[in-house]
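Starting from 1, each residue takes its place in the sequence as its number.
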Amino acid sequence: MRMRLLLFALLVSLSAIASAQEQRPLRFSVTESWAMPMIRIEDGRATSGVLYDLQMRLAEKVGRRAELLVMPRLRVQRLMARGEIDVRCYVNPGWLSETHHQYIWSVPFMVQRDLIVGRHYEADISLAQLPGERLGTVLGFSYPRLESLFASGQVLREDARTQELVLEKLEAGRYRYAVSNELALAWFNRNLPEDKRLRALAELSADALSCLVRDAPDVPTQALLRALVQMKEDGEFDAILSRYR
């Protein structure tokens, strides 16, 4: 009888521990420089957008709550190095300066097209026309095709805190050209009259974007990776995107 009671107490204890682990929210990183339609940040909290919907749905599919942690990009790197982020989405291997051996890459869920943008249409613009220009960029963002021009001083980065601010400064005439992803440009232009809209002049890059999922006992790693595959195959991510076009 005593042995049965001990076994029962052990089972109850293990069940409580498992339940507590199930209830711990999954920690998703949100970089504060992101802008709509990818994410809206209000009073330091993520409230809507493509990535908000993706991450909330992803957590739902594995039976966990999502905790969206808004922070500067450099802090994301530090927390990942310490294993304090469970999932980081909207990232490409070429954007990272270090590897994260404790994380697993998901399948790509979208392609981001970065564009050279201007206030007026110009035909056949190329990188060869940029030397001597100040170029609107997002603080902390990596632009591999431009790095040699930045390093040599041929092109000067003019950083703004978010993609939206970069486009606002371009619209105000602070510089002639800026870099923007295709979705952010379309969102910025959506309520502007045709003659006031910013123009896509050339494609700078097209990068496949994925999520990094921490591989640890307290994270449903494989379930998250399978959920991302399922969302892609079932068209769920395309449906999310369509809500913000």
Side-chain angles (χ1 to χ4, degrees), residues 26-35 37-39 41 46 49-52 54-55 58-59 66-116 127 135-152 155 157-166 178-184 203-216 218-222 224-229 231-232 237 241:
L26 289 172
R27 300 165 297 185
F28 292 83
S29 65
V30 174
T31 303
E32 64 182 12
S33 54
W34 290 344
M38 301 317 296
I39 209 148
I41 298 172
V50 172
L51 292 174
Y52 177 89
L54 169 68
Q55 293 171 157
L58 189 56
E67 182 180 8
L68 274 55
L69 305 174
V70 180
M71 64 190 76
R73 180 174 297 271
L74 291 178
R75 186 163 179 239
V76 173
Q77 301 280 21
R78 290 196 296 269
L79 291 186
M80 288 187 70
R82 301 202 298 261
E84 295 179 22
I85 296 293
D86 298 319
V87 186
R88 178 182 180 182
C89 289
Y90 198 59
V91 66
N92 175 276
W95 298 355
L96 302 181
S97 57
E98 64 277 324
T99 58
H100 295 284
H101 63 275
Q102 70 271 48
Y103 289 82
I104 299 176
W105 285 97
S106 76
V107 296
F109 60 85
M110 68 175 288
V111 173
Q112 174 173 287
R113 291 178 171 81
D114 276 344
L115 310 169
I116 301 293
L127 297 186
L135 189 64
T137 50
V138 181
L139 181 66
F141 275 27
S142 173
Y143 304 97
R145 285 197 65 197
L146 297 171
E147 288 308 319
S148 62
L149 294 175
F150 294 146
S152 67
V155 177
R157 287 186 68 141
E158 183 157 327
D159 286 333
R161 190 171 53 83
T162 69
Q163 182 71 82
E164 184 178 17
L165 287 174
V166 168
V179 181
S180 173
N181 69 72
E182 184 178 37
L183 290 174
E203 183 174 294
L204 184 63
S205 62
D207 296 316
L209 303 185
S210 303
C211 296
L212 280 167
V213 181
R214 189 164 67 91
D215 188 17
D218 62 334
V219 178
T221 308
Q222 293 303 319
L224 286 164
L225 295 171
R226 287 193 299 269
L228 279 161
V229 171
M231 290 179 70
K232 181 67 175 176
F237 184 74
L241 270 179

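Applying the salt bridge (charged side-chain N to carboxylate O under 4.0 Å, His left out) rule to pairs touching residues 138-150 yields nothing, sequence neighbours excluded. Sorted by first and then second residue, the pairs that involve residues 68-93 and meet ring-ring contact (aromatic ring centres under 6.0 Å, His included), not counting sequence neighbours, are Trp34-Tyr90.
Nearest heavy-atom pair, Thr162 versus Glu32, reported as atom, atom and distance to 0.1 Å: CG2-O, 3.9 Å. When every heavy atom of Cys89 is checked against every heavy atom of Gln55, the shortest pair comes out as CB-OE1, 3.7 Å. Closest non-hydrogen pair, Ser142 versus Gly94, comes out as OG-O, 4.5 Å. Between Val87 and Cys211, the shortest heavy-atom contact is CG1-CB, 4.3 Å. Scanning all heavy atoms of the two residues, the minimum distance from Asn92 to Trp105 falls at C-CH2, 3.8 Å. Between Ala46 and Tyr52 the shortest heavy-atom distance is O-CE1, 3.4 Å.
Panel note: side chain Gln102, backbone Met80; a donor-acceptor pair is recorded below 3.5 Å. Side-chain atoms of Gln163 come within 3.5 Å of backbone atoms of Val179 as a donor-acceptor pair (strictly under, hydrogens ignored).
Counting heavy atoms of neighbouring residues, nucleotides and ligands inside a 6.0 Å radius, atom CZ of Arg27 exceeds 12 of them.
Side-chain atoms of Phe28 and Leu58, non-hydrogen and from C-beta on, do get closer than 4.5 Å to each other. With a 4.5 Å cut-off on side-chain heavy atoms, Leu96 and Arg88 count as touching. Counting heavy atoms from C-beta on, the side chains of Met231 and Leu54 come closer than 4.5 Å. Side-chain contact between Leu127 and Leu204 is present, with at least one heavy-atom pair separated by less than 4.5 Å. Between Met110 and Leu183 the shortest side-chain heavy-atom distance falls below 4.5 Å. Under the 4.5 Å side-chain criterion, counting only non-hydrogen atoms from C-beta, Val155 is not in contact with Leu146.
Looking at residues two or more places apart in sequence or on another chain, you find a salt bridge (charged side-chain N to carboxylate O under 4.0 Å, His left out) between Arg214 and Asp86, Asp218. Taking Thr221 as the reference, Ile104, Val213, Asp215, Val219, Leu225 meet the side-chain contact (heavy atoms from CB on, under 4.5 Å) condition, with sequence neighbours excluded. Applying the salt bridge (charged side-chain N to carboxylate O under 4.0 Å, His left out) test to Asp159 and every residue at least two apart in sequence or in another chain returns Arg157. Partners of Arg161 according to the side-chain contact (heavy atoms from CB on, under 4.5 Å) rule, which considers only residues two or more places apart in sequence or in another chain, are Leu165.
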query = Hey, mind stepping through Ile39 and Val30 against side-chain contact (heavy atoms from CB on, under 4.5 Å) and telling me if it holds?
reply = CA-CA 9 Å; Ile39 209 148; Val30 174; 3.8 Å; yes

